[in-house]
A.B. asks: 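Structure in structure tokens, see below.
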Amino acid sequence: MDEQGRLMQARGVGIPGLPIHGGPQTLTPHPMHEPPTDNGEPRKQDIGDILQQIMTITDQSLDEAQAKKHALNCHRMKPALFSVLCEIKEKTGLSIRNSQEEEPVDPQLMRLDNMLLAEGVAGPEKGGGSAAAAAAAAASGGVSPDNSIEHSDYRNKLSQIRQIYHAELEKYEQACNEFTTHVMNLLREQSRTRPISPKEIERMVGIIHRKFSSIQMQLKQSTCEAVMILRSRFLDARRKRRNFSKQATEVLNEYFYSHLSNPYPSEEAKEELAKKCSITVSQVSNWFGNKRIRYKKNIGKFQEEANIYAVKTAVSVTQGGHSGANSPTTPTSAGGVLAPHDGPWLQ
DNA sequence: CCTAATGATTAGTG
DNA sequence: CACTAATCATTAGG
């Protein structure tokens, strides 16, 4: 028991180089490396007393402790003692060990940052932002419908998200700075009454920053989510499908039925049709793909439509000169169905 | 509501 | 890569 008590005490203040005077008289330590100065003993005694007071201060009543604290605080040895204790804390790594400096730049955070940048949420201000967003849409979406009407809606929503994101980010930043200065002030304040090394403060600031950056990551993550939802809601044309204008379908149908024997527009023809209908080339291709398959699947259903558009005579199809004598008569005379049976594309 | 029409997407093919 | 065929998701209309 006695031994254990000694051990505990020794563990508490038993610091190499700082002899203790708390134990039994018989146990006066005599470190070998202590310089044999004449007045070494009184000084050691002095420090030992201070330490003893510090150790017992928690056992005392508040008022009494307050007075003792004050007395200790004003002791001439205090600064030196504190600096020594700070050094010891550093050396023993009492408060370190959680400083995995240079954390490997969390790959997930990188991913989020890159994505936000690509979406134009994080990057520079307005102009570049929307351009970046459009570029990203074109790059990943493959098809970038420049139908600006609904696109502006998308941009509005995106800039809304961005606004919120930046506001939140700034709020976090401010809160972080506030908290940091608060903690620093607190530590500085405390450093008058307990040994705190500057490095410790530095480390504390680092911890705070890491914590806040993890909060920031949450913000980034949810922002990314919001952008993704917006994307799928507005840019996925499948969801936001708009029928082509009457005029556009007219142009397309005209081409289709006037080239019924070979309804495969060349790339140039597609480009021209796209321009005329103010849609993209891919949309033209989609339209023709759909039209061909649906026409073939049920020719009867399209007869009426065919007759309407057939009044425009085919121009130079691959070689079909058969319909030369066909004059554009009144639609009522088209009771006899036009025969599209010459389509090799029907197999 | 339901259904047909319709533009877009996807898997599969050459 | 262009195309077909099937399918999805939305729109228009009864």
Side-chain angles (χ1 to χ4, degrees), chain A residues 115 118-119 130 133-158 161 224-312 314-320 331 334 337-347:
Chain A
M115 174 162 174
E119 295 295 339
S130 60
S140 64
V143 186
S144 75
D146 37 6
N147 296 1
S148 48
I149 298 167
E150 63 198 67
H151 216 264
S152 76
D153 197 5
Y154 170 79
R155 276 209 309 271
N156 284 343
K157 286 266 176 21
L158 188 69
I161 288 178
C224 268
E225 240 166 73
V227 171
M228 290 309 278
I229 291 169
L230 185 70
R231 272 278 284 274
S232 67
R233 188 98 181 76
F234 279 86
L235 285 193
D236 188 358
R238 200 149 145 164
R239 287 189 168 274
K240 189 80 179 181
R241 207 203 85 221
R242 294 246 59 103
N243 289 353
F244 295 155
S245 71
K246 200 77 188 151
Q247 190 188 0
T249 41
E250 199 146 318
V251 171
L252 294 167
N253 272 317
E254 200 175 301
Y255 187 98
F256 180 79
Y257 287 111
S258 61
H259 298 71
L260 197 50
S261 59
N262 187 34
Y264 295 87
S266 65
E267 197 57 36
E268 294 81 45
K270 280 183 191 169
E271 275 166 31
E272 178 147 351
L273 285 167
K275 200 187 290 182
K276 262 199 258 187
C277 302
S278 18
I279 57 178
T280 67
V281 173
S282 333
Q283 282 178 302
V284 173
S285 297
N286 285 340
W287 190 90
F288 272 88
N290 283 322
K291 192 71 183 180
R292 280 190 299 262
I293 195 69
R294 282 163 185 164
Y295 179 87
K296 188 171 102 175
K297 227 168 168 177
N298 190 352
I299 296 180
K301 201 168 64 181
F302 289 88
Q303 285 306 330
E304 197 181 343
E305 192 177 70
N307 289 338
I308 292 170
Y309 287 102
V311 295
K312 269 87 175 185
V315 257
S316 62
V317 198
T318 43
Q319 83 222 48
V337 186
L338 296 200
H341 53 279
D342 55 335
W345 58 282
L346 295 169
Q347 282 184 10

A.B. asks: Across the strands shown, which category fits A:Lys291 at heavy-atom distances under 4.0 angstrom: base, sugar-phosphate, nothing?
C.D. replies: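 Contact class for A:Lys291: none.
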
A.B. asks: To the nearest angstrom, how far is A:Asn243 atom CG from C:dA9 atom P?
C.D. replies: 17 Å

A.B. asks: Indicate whether OP1 or OP2 belonging to C:dA12 is found under 4.0 Å from a side-chain N or O atom of A:Arg242.
C.D. replies: yes

A.B. asks: Using the six-membered ring wherever Trp is involved, compare the ring planes of A:Phe256 and A:Tyr295 and label them parallel, tilted or perpendicular (cut-offs 30° and 60°).
C.D. replies: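 The arrangement is perpendicular - the two ring planes meet at more than 60°.
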
A.B. asks: What's the CZ-P distance between A:Arg294 and C:dA5, to the nearest Å?
C.D. replies: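 Those two atoms, CZ and P, are 13 Å apart.
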
A.B. asks: In terms of side-chain heavy atoms of A:Lys297, which of C:dA6, B:dA5, B:dT6 is nearest?
C.D. replies: C:dA6

A.B. asks: Taking NZ from A:Lys296 and P from C:dT4, how many angstroms apart are they, rounded to a whole number?
C.D. replies: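 Interatomic distance, NZ of A:Lys296 to P of C:dT4: 7 Å.
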
A.B. asks: Just how far, in rounded Å, is P of C:dC3 from CD1 of A:Ile293?
C.D. replies: 13 Å

A.B. asks: So, is A:Tyr295 close to the B:dT6 phosphate, meaning a side-chain N or O under 4.0 Å from OP1 or OP2?
C.D. replies: no

A.B. asks: Identify which nucleotide among C:dC3, C:dT11, C:dA5 has an atom closest to any side-chain atom of A:Arg241, counting heavy atoms from C-beta outward.
C.D. replies: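 Nearest nucleotide to the side chain: C:dT11.
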
A.B. asks: Atom CG of A:Asn298 to atom C1' of B:dA4: distance rounded to whole Å?
C.D. replies: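 In whole Å, B:dA4 C1' and A:Asn298 CG are 12 Å from each other.
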
A.B. asks: Under 4.0 Å between a side-chain N/O of A:Asn286 and OP1 or OP2 of B:dA8, yes or no?
C.D. replies: yes

A.B. asks: Starting at CH2 of A:Trp287 and ending at P of B:dA8, how long is that distance when rounded to a whole Å?
C.D. replies: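 So the CH2-P distance, A:Trp287 to B:dA8, works out to 12 Å.
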
A.B. asks: With a cut-off of less than 4.0 Å, is there a side-chain N or O of A:Lys246 near OP1 or OP2 of B:dT6?
C.D. replies: no

A.B. asks: Between atom OH in A:Tyr264 and atom C1' in C:dC1, what is the gap in whole Å?
C.D. replies: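 Distance, rounded to whole Å: 15 Å.
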
A.B. asks: Give the rounded distance in Å between these two atoms: CD1 of A:Ile279 and C1' of B:dG7.
C.D. replies: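 From A:Ile279 CD1 to B:dG7 C1': 10 Å.
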
A.B. asks: Look at the aromatic rings of A:Tyr257 and A:Tyr309 and report parallel, tilted or perpendicular, splitting at 30° and 60°.
C.D. replies: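 The arrangement is parallel - the two ring planes meet at less than 30°.
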
A.B. asks: Could you measure the distance from the CZ atom of A:Phe302 to the NZ atom of A:Lys297? Nearest 0.5 Å is fine.
C.D. replies: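 Between A:Phe302 CZ and A:Lys297 NZ, I get 10.5 Å after rounding to 0.5 Å.
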
A.B. asks: If the cut-off is 4.0 Å, is A:Gln283 near the phosphate of B:dA8, judged by side-chain N/O to OP1 or OP2?
C.D. replies: yes

A.B. asks: Does a distance-only test, which skips hydrogens and angles, find a donor-acceptor pair under 3.5 Å between the side chain of A:Asn290 and the base of B:dA8?
C.D. replies: yes

A.B. asks: Between B:dA5, B:dG7, C:dT4, spot the one nearest the side chain of A:Lys301, thanks.
C.D. replies: B:dA5

A.B. asks: Answer yes or no: is there a donor N or O on one side and an acceptor on the other, between the side chain of A:Ser278 and the main chain of A:Ala274, under 3.5 Å?
C.D. replies: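 Side chain of A:Ser278 to backbone of A:Ala274, a donor-acceptor pair under 3.5 Å: no, none is there.
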
A.B. asks: Does a nitrogen or oxygen in the side chain of A:Arg292 sit under 4.0 Å from OP1 or OP2 of C:dT4?
C.D. replies: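 The answer is yes; a side-chain N or O of A:Arg292 sits under 4.0 Å from OP1 or OP2.
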
A.B. asks: Among A:Leu273, A:Asn286, A:Val251, A:Val284, find the one that has a side-chain contact (heavy atoms from CB on, under 4.5 Å) with A:Ile279.
C.D. replies: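 When side-chain contact (heavy atoms from CB on, under 4.5 Å) is applied between A:Ile279 and each of A:Leu273, A:Asn286, A:Val251, A:Val284, only A:Val284 qualifies.
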
